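All values derive from a computational prediction rather than experimental measurement. Residue numbering restarts at 1 for every chain, and letters A, B, ... go by the order of the sequence lines.
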There are 2 protein chains.
Amino acid sequence: MTYRSEADFLKQYNARDYDSPLVTVDVAIFTLHEGALQVLLVERGDFPHKGRWALPGGFIDIHSDDDLDACAHRKLKEKTGVAAPLLEQVCSKGNGLRDPRGWSVTALYMALIPHAPTADFVASVNDARWWPLDQLGGIELAFDHRSLIATARERLKNKTAYTVLPVHVLKRPFTLTQLQRAFEQLMDATLEKKSFRRRILNAEILEEVGEGIPEGGRGRPAALYQPATGSEQHLFARVFGEGL
Amino acid sequence: MTYRSEADFLKQYNARDYDSPLVTVDVAIFTLHEGALQVLLVERGDFPHKGRWALPGGFIDIHSDDDLDACAHRKLKEKTGVAAPLLEQVCSKGNGLRDPRGWSVTALYMALIPHAPTADFVASVNDARWWPLDQLGGIELAFDHRSLIATARERLKNKTAYTVLPVHVLKRPFTLTQLQRAFEQLMDATLEKKSFRRRILNAEILEEVGEGIPEGGRGRPAALYQPATGSEQHLFARVFGEGL
DNA sequence: CAAATAGTGTCTGTGAGACATTATCTA
DNA sequence: TAGATAATGTCTCACAGACACTATTTG
């Protein structure tokens, strides 16, 4: 069929005439707590995969979501109430098997927030909780979310090697030792103290905001820091750890 | 409504009952030719945006595409006949304005291939051609493809600084000088000869395959190289150029 | 020979890794 | 005082940048 104009064409076009994939947004929200990297999961209350644990997320609402990022922010806020933490797209995955309802695409995001008990921000019930990543082996996850979590975790590890991502999982202010622990846990590696401090301090991405008691209540007081404005997108020219 | 089982639920579920975004895959295919970075565009023959230039791409076919990557490979192959070049996902963008047909999401991929005249691989007509990136200012692009191209180009530039991506735009074998030019053009920067050669050769990602005449037909013959197997995913621990 | 291109020698500077040492707190 | 934690001093090594130099071809 041919049309005389774009307007003509659009007048008769109806998206529902075609088989289109389902489209969802899923958010892997990470935090650090008790020395472990944890991810926020919700227990599904409806079919499909009712009762299984899943990443916060779901269908795009084309009537209220301005764009993909806005949709991800909405999903994040619905579950945590947090407004503007680190939230970025990881990748998209789509195939005919990942959702029993049909061919589906999900835009996977990852978010980093300082730890808070779920009771503090989950409006509804106890259907959401933090899961340490190393305890996910024993539970049933919905859809391909085990794989999505692995993908997001991998990206997190990689980006930590050349950014300051870990500042987002710490409450402010923090000490350099706390920051180093955060780097180490997100990278799953051990870093050398002097190298770490040199790297961070030379980059001029932190500002000192006084002194505080050390972590264990014992020992020499530590300097407290918070990220300098604009520091979040600092990129290091060398990757850290596993160094060459 | 409640259902007794997952099977029950799925039996009544129909994706077409809901307003869902359109889903497309678009591929930014880059090459290097005559000293310029070029991207392959096709002239749209149908509404919407008939007559404008666009990235190769289009709707997912949920009946024939196994997954997003397969769909991207299909789009690439339809336009270039190339089977397995570098092809990777860049990001996804979705909003209500980018396509006049409605709220739409596109999964953006980028591909790198050695240059070949379009006549060599475009089955149909002269509806496809290579466009040097610096000549896109003067033409009308469909949808948000100008922005997509910019996003893919940015990713290309960034990844070139710590990978060997540029080997994919060269015919094999190639000289180190040709490879350096490719790096420089993809990064839009000038590199220092000795540093470049040291970096590449120390990484042991190339294998020497003889000698050839120099680029201009004059001067000392140059050693010829091709990528060693498994070299494609080599990651450098330091970014190149703009160095620190 | 000159011009053009390929390839090397070598010095400097930056920053990571290693690890020993000093500083400052509590019990 | 000892123990714990924070912070620094300093040596070595890898490698990027700079740039002068040598090597091998054609005309």
(message) Is there a side-chain contact between Arg197(A) and the phosphate of dA7(D), meaning an N or O under 4.0 Å from OP1 or OP2?
(response) yes

(message) For the backbone of Pro173(A) and the side chain of Gln226(A), can you confirm whether one donor and one acceptor N or O come within less than 3.5 Å of each other?
(response) no

(message) I'd like to know if Arg198(A) reaches the base of dA16(C) with its side chain, counting only an N/O donor and acceptor under 3.5 Å.
(response) yes

(request) Check the distance between dA6(C)'s P and Leu224(B)'s CG and give it to me in whole angstrom. (result) 11 Å

(message) Without decimals, in angstroms, what is the distance between Phe174(B) CZ and dT5(C) C1'?
(response) 18 Å

(request) With heavy atoms under 4.0 Å as the rule, sort Arg199(B) into base, sugar-phosphate or nothing. (result) sugar-phosphate

(request) Could you state the atom-to-atom distance from CG of Asn202(B) to P of dG9(C) in whole Å? (result) 13 Å

(request) Kindly say whether Leu136(A) contributes a backbone atom to a donor-acceptor pair with the side chain of Arg146(A) at under 3.5 angstrom? (result) yes

(message) Does dG15(C) have its OP1 or OP2 closer than 4.0 Å to a side-chain nitrogen or oxygen of Arg238(A)?
(response) no

(request) Establish whether the base of dA3(C) is bridged to the side chain of Arg218(B) by a donor-acceptor pair shorter than 3.5 Å. (result) no

(request) Mind calculating the distance between CG (Leu176(B)) and P (dA23(D)) to the nearest angstrom? (result) 19 Å

(request) Using atom CZ of Arg220(A) as one end and atom P of dT21(C) as the other, report the distance to the nearest whole Å. (result) 17 Å

(message) On DNA chain C, does the nearest nucleotide to Gln178(B) precede the nearest nucleotide to Glu192(B) from the 5' side, or the other way round? Give the residue.
(response) Gln178(B)

(message) Between dA7(D) and Lys193(A), counting only base atoms on the nucleotide and side-chain atoms on the residue, is there a donor-acceptor pair under 3.5 Å?
(response) yes

(request) Give the nucleotide from the list dA6(D), dA6(C), dT25(D) with an atom nearest to the side chain of Pro221(B). (result) dT25(D)

(message) Please report the distance, rounded to the nearest Å, between CZ in Phe240(B) and P in dA18(D).
(response) 11 Å

(request) Output yes when a side-chain donor or acceptor of Ser231(B) lies under 3.5 Å from a complementary backbone atom of Pro227(B), and no otherwise. (result) no

(request) May I have the distance from Ile213(B) (atom CD1) to dG27(D) (atom P), rounded to whole angstrom? (result) 11 Å

(message) Judged by each residue's nearest nucleotide on DNA chain D, which is more toward the 5′ side, Ser195(B) or Glu211(A)?
(response) Glu211(A)

(request) State whether the side chain of Glu208(B) and the backbone N or O of Ala223(B) hold a donor-acceptor pair below 3.5 Å, judged by distance alone. (result) no

(message) Taking donor-acceptor contacts at under 3.5 Å, does the side chain of Lys194(B) reach the base of dG17(D)?
(response) no

(request) Take the protein atom CG of Leu201(B) and the nucleotide atom C1' of dA16(D), then report the distance between them rounded to whole Å. (result) 15 Å

(request) Output yes when a side-chain donor or acceptor of Thr160(A) lies under 3.5 Å from a complementary backbone atom of Phe183(A), and no otherwise. (result) no

